*Asks:* 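The following block contains the structure, expressed as structure tokens.
Fair warning: this is a prediction, and the values are worked out from it, not measured in the lab. So you know, we letter chains A, B, ... as the sequences are listed, proteins then strands, and number each from 1.
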Amino acid sequence: MKKYLLSGLVIFGFLIYSFSRQDNNGAAATLSPAPASSVNNQASLVPMGGTMKTNMMQYKNGTYTGNLVDAYYGNVQVQITINSGKVSNVAFLDYPHDRETSIMINTQAMPYLKQEAILAQNANVDIVSGATQTSLAFIQSLQSALNQAK
Amino acid sequence: MKQTRILMDMPIIVEIIDDTVSEDIFTKAYNYFDYIDKKFSTFKENSEITQINKGKISKGNYSEDIQLIFSLAQKTKKETNGYFDIYHNGQFDPSGIVKGWAILNAAKIIQKAGYRNFYVDAGSDIQIFGKNSQGRNWQVGVKNPFNQNEIVKVLSLSDKGIATSGNYMRGQHIYNPKNDKEIIDIVSLTVVGPDIYEADRLATACFAMGKEGIAFLENKKGLEGYLIDKNGLATYTSGFNQYVANIN
């Protein structure tokens, strides 16, 4: 059960983490569940591959800081805020530095690029490429913050 | 022969097809990753990078690998208009560039031992050489960012590096409270390059650029990208299709 909760939180927090990179003011992002989601609207966190049955009201209100964890790409440290027993915010106190600053980009090529809707493929492959690496550090930092909120 | 070990907080998979393969080459490759971790981890008290950050090693005494990584980081910083910087708050953290470089070096160790058909996959960033067990190019799936059990693209690769940066979301929206704008933009960026060092550092850098990242790649010779946004719409560079496998 804890695992589901954690995986839901991971998705939630990791999103904020990733996109807070584009919000250089460091403003905390807020999250709202998607109305079209098939998941129970009571739960603001959606576990990967299943409906959340966990009772979310199990944490004490307050703000908790997780451990600083090496993501190999840099450090990850999260701070969570618990309101009404639920995680209401995940803020990133530290994250890989290579994503921090803004950049001037030549966007002239943009109009010429092709687009397509992604489509699941049925094929045997030897290897799979996907994004995973920073999430493990996130889980570790988040878990240490949640442990304090119990 | 295929082996997996967890090192540097991630699964590292090495598969070698050549029939002369023996156990000790795997040990060599994994020992290299272990060496890299011990030298570059900012969380290991005794790593060289930690000692440098504590001021315990003077510039003249940096090891060759540290000097090389510092110069590669400097080069990347210039290339991305200062975007990629390993120096922050008085501390060096070169990890953003070490991973792809280490994967490529491990692959070179395997090559030097005489192997031609293999890959090294560290946390889903992959260096590929030669052919797969059927004598074809390696078939590499690009994971669906909305469903971890699916792939949305099959690439056919040989002598290339492939890296994916991103995060996986479903059914949630994130807004910037200051302007109420949705800040979720893109969810996944896959980059194919001449090697994993190039693919990895550009995947990391370009993902953080949002939608403009794909334009940045379009202007980079030898690098192709496949960018998936929050609506499941993919934008790809003009040369990307050369790698797409014909699966029918």
*Asks:* Which heavy atom in B/K153 sits nearest to a heavy atom in A/E116, and how many Å separate them?
*Replies:*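 Looking at all heavy atoms of both residues, the closest pair is NZ-OE2, 2.7 Å.
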
*Asks:* Report the option among B/V142, B/T190, B/N149, B/I162 that has the most heavy-atom pairs separated by less than 4.5 Å from atoms of chain A.
*Replies:*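 Top option by heavy-atom pairs under 4.5 Å: B/I162.
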
*Asks:* Compare every heavy atom of A/A123 with every heavy atom of B/I151, then report the nearest pair and how far apart it is.
*Replies:*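 That would be CD1-O, 4.1 Å.
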
*Asks:* Apply side chain to side chain contact (heavy atoms under 4.5 Å, CB included) to the pair A/L113 and B/E218, showing each step before the final yes or no.
*Replies:* CA-CA 8 Å; A/L113 297 178; B/E218 177 70 12; 3.3 Å; yes

*Asks:* Could you measure the distance from the CG atom of A/D126 to the CG atom of B/L155? Nearest 0.5 Å is fine.
*Replies:*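 One finds 12.0 Å between CG of A/D126 and CG of B/L155.
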
*Asks:* For A/N124, is the CG atom crowded, meaning more than 12 foreign heavy atoms sit under 6.0 Å from it?
*Replies:*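 Open.
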
*Asks:* Which pair of non-hydrogen atoms, one from B/I126 and one from A/V128, has the smallest distance, and what is that distance?
*Replies:*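 Heavy-atom minimum between the residues: CD1-O, 3.8 Å.
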
*Asks:* Starting at CD1 of A/I118, measure out to CG of B/N144 and round the result to the nearest 0.5 Å.
*Replies:*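 With rounding to 0.5 Å, CD1 (A/I118) is 4.5 Å from CG (B/N144).
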
*Asks:* Is B/A163 in contact with chain A via its backbone, its side chain, both, or neither, using a 4.5 Å heavy-atom distance?
*Replies:*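 Contact with chain A: backbone only.
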
*Asks:* Between B/I228 and chain A, with a heavy-atom cut-off of 4.5 Å, which part of the residue counts as in contact: side chain, backbone, both or neither?
*Replies:*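 Contact with chain A is through the side chain of B/I228 alone.
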
*Asks:* Please find the pair of heavy atoms, one from A/V125 and one from B/Q139, that lie closest to each other, and give the distance.
*Replies:*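 Answer, listing the atom of A/V125 first, then B/Q139: CB-O, 3.5 Å.
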
*Asks:* Name all residues meeting the side-chain hydrogen bond (donor to acceptor under 3.5 Å, both in side chains) criterion together with B/K2; count only those two or more places apart in sequence or in a different chain, and write none if there are none.
*Replies:*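 Residues passing side-chain hydrogen bond (donor to acceptor under 3.5 Å, both in side chains) with B/K2: none at all.
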
*Asks:* Below 4.5 Å from any heavy atom of chain A, which atoms of B/I128 appear? Answer side chain, backbone, both or neither.
*Replies:*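 Only the side chain of B/I128 comes within 4.5 Å of chain A.
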
*Asks:* Residues two or more places apart in sequence or in another chain: which of them pass side chain to side chain contact (heavy atoms under 4.5 Å, CB included) with B/N241?
*Replies:*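 With sequence neighbours excluded, B/N241 shows a side chain to side chain contact (heavy atoms under 4.5 Å, CB included) to B/Y236, B/V244, given in chain and number order.
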
*Asks:* Select one option (side chain, backbone, both, neither) describing which atoms of B/Y226 are under 4.5 Å from chain A's heavy atoms.
*Replies:*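 The side chain, not the backbone.
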
*Asks:* For residues B/S124 and A/G130, report the shortest heavy-atom separation together with the two atoms involved.
*Replies:*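 Heavy atoms of B/S124 and A/G130 come nearest at CB-O, 2.9 Å.
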
